[in-house]
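A short write-up of the structure that comes next.
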Amino acid sequence: MNLLDRAEEVRFQFKKDLFKVKIDIQSVENFRLRYLGKKGYIPALFREFTSLSVEDKHKCGKILNQIKKESENSIDTLKQRLNSIGIDEDFFDYTLPGKLPRLGHLHPVTQTMNEICSIFREMGFGIEFGPEVETDYYNFQALNFPKNHPARDMQDTFFIGDSILLRTHTSPIQIRAMEKQKPPIRILAPGRVYRNEAISARSFCTFHQVEGLYVDENVTFCELKGTLEIFAKRYFGKDVKLRFRPSYFPFTEPSAEVDISCFICGGSGCRVCKHTGWLEILGCGMVDPNVFISVGIDPEKYTGYAFGMGPDRIAMLKYGIDDIRLFFEGDIRFLNQF
Ligand code: PHE
């Protein structure tokens, strides 16, 4: 039936126009007149309605009334918006498209620590944490740094009290783990450490470490080498080579520092490896018997290895960052890149 078709058309057109109406008095009024004014589309439909047969009136009446009511309601809403713009300073247009909240992500050093930990976890290492405020006993004495030992100078400690300090490495976590657990012990100790060093692009007063410890019967230096090699190949790429250089730590004997072949230039020499072809990434060694004695583990029966690395430095090498201070400034423009 013609009138019904036309009514639906008017309804459809009204909805389309409704979206385009500008929220100002004149535009809203023009819109109202176009549809509901005396000469508007909707009254025209009603005029046609009067000449219908009783039967057709029956069919159309309800629809026409519905269209009129809907249109009146929509125009009332427009008028309300119009009013609120003028009066209410806090008017908020709920029909505007939304803005997505910005999601954060983990800090690049945390990401690096997590990646390191997950490789060792696959090799059966558990994760242990410990306090950042430590005692001299856990940070030094139990690790075979006797009082007045010159190696304490290597650590540039922040003291809080006579024998209370900010831990200079995460090795005290290993002492706590060995006090708690009987061998076999296979743990990783990640965390933040503090040293009273002159601040520069290469060193900061706080940084991070991931240390590892394995204690059992018949643990050998050979296993240490194998484990570190698996780690380095997984983390830096399968072509990476390792180099062990003799070194000294009070808590390990023998001790070594480990270099990997530069993963930027492949060993031929570049700016990152200072043209040596090698990058120093960690310290390691066999647990000193004195350390076992201080935690009550029998050094005749058990041996163990330990290693420690700096995720800040590893992240700097990986991403080509030349100033460690960037990690601690909290500048979103820097952090967003990772
Ligand atoms: N704790 C040492 C440091 O902070 C690193 C290390 C850990 C070296 C374990 C050897 C074995 O320098």
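Since the model is a prediction, treat every value here as computed from it, not as a measurement. For ligands, and for the atoms within them, numbers begin at 1 and follow the listed sequence.
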For the 3.5 Å polar cut-off, considering only N or O atoms, please tell me whether T252 and ligand 1 meet it.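 Min N/O separation from ligand 1 is not below 3.5 Å for T252.
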
| message | So, regarding T168 and ligand 1 (criterion: nitrogen or oxygen to nitrogen or oxygen, under 3.5 Å), is there a contact or not? | response |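 N/O-N/O distance below 3.5 Å does not exist for this pair.
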
Any non-hydrogen side-chain atom of Y305 less than 4.5 Å from a side-chain atom of C284?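 Contact flag for Y305/C284 side chains = no.
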
Quick check with a 6.0 Å cut-off and a 45 degree axis cone: is R186 positioned over the face of Y214's six-membered ring?
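The answer is yes, since R186 meets both limits relative to Y214.
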
Within 45° cone and under 6.0 Å: R176 NZ/CZ vs Y138 ring:
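Verdict for Y138: a cation-pi partner in R176.
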
Pairs satisfying side chain to side chain donor-acceptor pair (under 3.5 Å), at least one member in residues 95-113, at least two apart =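 Passing the test, one end in residues 95-113: D93-T95.
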
Checklist entry - Do F31 and F14 make the cut of ring centroids closer than 6.0 angstrom? => result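 That pair passes the under 6.0 Å test.
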
For [X], the ligand 1 atoms whose distance to one of its heavy atoms is below 4.0 Å:
X    : result
F251 : 1 (N), 2 (C), 6 (C), 7 (C), 8 (C), 9 (C), 10 (C), 11 (C)
A306 : 9 (C), 11 (C)
Q209 : 3 (C), 4 (O)
S171 : 1 (N)

| message | Once you restrict to heavy atoms under 4.0 Å, what part of C284 touches ligand 1? Side chain, backbone, both or neither. | response |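 Looking at C284 and ligand 1, just backbone atoms fall under 4.0 Å.
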
Below a 4.0 angstrom heavy-atom separation, can you tell me which part of R195, side chain or backbone, both or neither, approaches ligand 1?
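The answer is the side chain of R195.
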
Applying ring pair (Phe, Tyr, Trp, His ring centres under 6.0 Å), name anything that partners Y302, two or more places apart in sequence or on another chain.
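Checked Y302 against ring pair (Phe, Tyr, Trp, His ring centres under 6.0 Å); zero matches.
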
inquiry  = Is a donor from one side chain sitting under 3.5 angstrom from an acceptor on the other, for Q66 and R11?
reply    =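 Distance-only check passes for Q66 and R11.
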
Tell me which one of F249, F307, Y248, Y305 gets a heavy atom nearest to atom 9 (C) of ligand 1.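 Selected option, by shortest heavy-atom distance: F307.
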
Measuring from the heavy atoms of M309, does anything fall under 4.0 Å of ligand 1?
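The answer is no, since M309 has no heavy atom less than 4.0 Å from ligand 1.
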
